[in-house]
Protein chains: 2
Amino acid sequence: MGDEMTRRQVRGDLTRTEILALLGAAGPLGRAEIAHRLGLGAATVTEHTRRLLAEGFLRELPPRTSGTGRPRVPLQLVPDAAHVLGVRIAVDHLAGVVVGLDGQIVDEFRLPLRIADAPVPLLVETLLREIDARRHTTPVRGIGVAVPGMTDPESGVVRLSGIMGWRELPLGRELARRLPVPVLVDNDLRASTTAELLFGMGRERDDFLVLGIGDGLGLGVVLGRSVQCGADGSSGEFGHLPVDPAGPRCTCGNRGCLQALAGQSALVEQARRAGVSGLGEGLPGLVGAAERGEPAVLAILAEAGALLGRCVAGVVNVLAVKAVKVIGEGHVLWPFLGPSFEAAAAAGVIEPLRDPEITVAPWRDIEHARGAACLLLARGSSELKRFSSVD
Amino acid sequence: MGDEMTRRQVRGDLTRTEILALLGAAGPLGRAEIAHRLGLGAATVTEHTRRLLAEGFLRELPPRTSGTGRPRVPLQLVPDAAHVLGVRIAVDHLAGVVVGLDGQIVDEFRLPLRIADAPVPLLVETLLREIDARRHTTPVRGIGVAVPGMTDPESGVVRLSGIMGWRELPLGRELARRLPVPVLVDNDLRASTTAELLFGMGRERDDFLVLGIGDGLGLGVVLGRSVQCGADGSSGEFGHLPVDPAGPRCTCGNRGCLQALAGQSALVEQARRAGVSGLGEGLPGLVGAAERGEPAVLAILAEAGALLGRCVAGVVNVLAVKAVKVIGEGHVLWPFLGPSFEAAAAAGVIEPLRDPEITVAPWRDIEHARGAACLLLARGSSELKRFSSVD
DNA sequence: CCGGCTTTACTCGGTGCCGAAGAAAGTCGC
DNA sequence: GCGACTTTCTTCGGCACCGAGTAAAGCCGG
């Protein structure tokens, strides 16, 4: 009961981060403008910016008069005042990025690497090498790790990752013990949801959903500007929404999970069974078939889109959230899923919430790595400050 | 953006209320025990209880030694230090209660009254009479109103109430203008969810769901000890979860809403169509038929239970909430809905969340009135203190 | 060019919360 | 019966946030 404590400890930092994120996204702003946009009091902004200036994360620009009144003093981000490394774990590779305070990617890498069997030593070795390589260019002050699977961000424990074959793996603790900078671990979709909160939809909205179409289906939930984690960080399991008790068996053991009906491999399987020829391997093959106008594939995708839309509409009805962002590998299917998704989502939502805003952005798996980096940024500047760069 | 302001203003009061609620539910406790149970710091409890003692809401009992250590000073609630009136609006009647600080009902009433056409004057007249009648016994310091329909608790506007035929009705403002005590208006299910947070499940859990089976189906969502309201207070529309696009038309205009498949009137209709004889009117008739062991009815109810269970499981998967409470008129159907509900809910939930705790409590519609009263209690003691009793 | 206006920024007092340190008030061992 | 130990409660300093009041710094109109 009462996580108020934790929340409060972190809140001040979060506010400073939001200031940094805002300046990163919207360019130099006066203090009054910051206060207005973030819904903070002017006094609060004065206080925080004082600290951020002292820490070197911000600089003041010459005053700029805007018509009448005292001129504002624009504050500008110093993006290179700190860099953070984010990695996304996948089955056969690691995707990594280095971002500045503004969340912009300044460097990226991709390493073919199967870490499932010995995650800790392989990650430690790799991360140390990457940190070291950047010692003189973009020194790293923190590391975020995005895991494909159910992960508790508080404890850093990977509860369950089917793809990686992990269960109750205390990744956060083990990495923190062996790396010279702070480490945060979270589920990949929630990491990207955090990025979205800081630098994406969160710019304009306090509440939104992030639908992740990847190996599985996930749903990130942001309510009141906070990313919901649920008990043990096990929220967001959208793929295992029970849809049809008579449906096909899912990897989780249940029958008729959403994922078993509209997940990527389910779609490929359906296409194959419908006798579609020339299906290459996996997702690209499916996209190819759809682009060729293969009617069976188009029908399958349209139906899957409608199903997804209905399920999202259900969540929208319950939580009264008006915006949804779609991310993940599967976004390449969106041209074919999208129309029926949007129709179903709009139709399935009660009238006052009608026409939820649905956004799809181009996506690379590097985005999850950026999300991982944003976990650090969301924890705030003081954490970054304490740990000076490695040398 | 940033409702932090509002949240903070209200938070202190909420904490005091939680202290009062805890003492109401668990009897006299020492300060250390309060701090522990509410997850607060000891300093905070000292501060708050000082105020509550000064305001007369609490009294100290003689110190009681418990083995070793300094004896604790138990603090006892003074339940009659303030009373709050709560009413639930229904189509053909008003249900009302007066509760003390501990949320216990000290008085109740039920008035046959159709207020749909002239809600403000009828409510004002009725409430003034009820306040006046209690002037010398249990003076009323605030009023909560529970509305069957989508209602924004912030503004007090009833967005949409199909049953009452209201739309964008600024009930809160109009009542506040005409009544001598503070008035809060909210959706009925959310009101009961608030009661549950203060005096029910919230005792042990920070996150839970409240499934309301009434005229419609609603879902109250509590995350991190706060009742989720969504944009414009329009959250919780569980009944309009789109389940079957080919299903029967719902009152909301869509097809195959959960409510159109498993709502009370849908169930009655299904039973009628199945040729069940001796169906009295509405709910009691259905219960009667089920109790007679009518196989068609039992099958219908079992299927509805399973459907409800699956839908709740979906929400549980997404939000990672482990406890569900079932309330509402429809609880009388629970003996027949329950088994399949529980099975479906357990089956539809991913393994780490397996076996969500499902609780059903006996229920009278007076509970919604109590929920309405709890809206006031949740807003805190200082609001009650400011407005002395009417005289 | 000097006071009024506007907008920006800062200061100050107040609230809610915390952790750490210290005071208080008992039991217990010797 | 006196110090040690334990538990409870309070005090204190500190952080995050706010609103209101004040200072600052430019424009503008007479």
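- Atom CG in B:L38 sits about 10 Å away from atom P in C:dC18, given to the nearest Å.
- In this structure, A:R72 places its CZ atom 12 Å from C1' of C:dA9, rounding to the nearest Å.
- In this entry the distance linking CZ of B:R64 with P of C:dA24 reads 24 Å, nearest Å.
- B:R31 has no side-chain polar atom (N or O) that falls below the 4.0 Å cut-off from OP1 or OP2 of D:dT7.
- Side-chain nitrogen and oxygen atoms of B:T15 include none within less than 4.0 Å of the OP1 or OP2 phosphate oxygen of C:dG16.
- In the set D:dC12, D:dA16, C:dA25, the nucleotide with an atom closest to the side chain of B:A43 is D:dC12.
- Between B:L40 atom CG and D:dC9 atom C1' the separation is 15 Å, expressed in whole Å.
- If you take NE2 of A:H36 and P of D:dC18, they are 13 Å apart, rounded to a whole angstrom.
- Within the nucleic acid shown, A:V45 has no heavy atom closer than 4.0 Å to any nucleic acid atom.
- In terms of modelled atom types and a separation under 3.5 Å, the side chain of A:R141 and the main chain of A:A81 share a donor-acceptor contact.
- Residues forming a salt bridge (Lys or Arg N to Asp or Glu O under 4.0 Å) with A:R64 (at least two apart in sequence, or on another chain): none.
- Side-chain contact check for B:L319 versus A:L319: some heavy-atom pair is nearer than 4.5 Å.
- Straight-line distance from the CG atom of B:L61 to the P atom of D:dT8: 16 Å, rounded to whole Å.
- Between A:E47 atom CD and C:dG13 atom C1' there is a gap of 14 Å when expressed in whole angstrom units.
- Both A:T65 and A:G41 sit near DNA chain D, but only A:G41 has its closest nucleotide nearer the 5' end.
- Mapping A:E60 and A:T68 onto DNA chain C by nearest heavy atom places A:T68 closer to the 5' end of the strand.
- Between the CD1 atom of A:I34 and the C1' atom of D:dC17 there is a distance of 16 Å, rounded to whole Å.
- Of the side-chain N and O atoms in A:R16, one or more sit less than 4.0 angstrom from OP1 or OP2 of D:dA16.
- Not a single donor-acceptor pair under 3.5 Å links the side chain of A:D232 to the backbone N or O of A:S234.
- When the side-chain nitrogen and oxygen atoms of A:R50 are compared with OP1 and OP2 of C:dT11, one or more of them lie within a distance under 4.0 Å.
- A donor-acceptor contact under 3.5 angstrom links the side-chain atoms of A:R70 to the base of C:dT8.
- Counting heavy atoms from C-beta outward, A:E18 and A:R225 have side chains that approach closer than 4.5 Å.
- Contact annotation: B:H48 side-chain N/O to C:dT15 OP1/OP2 distance is not under 4.0 Å.
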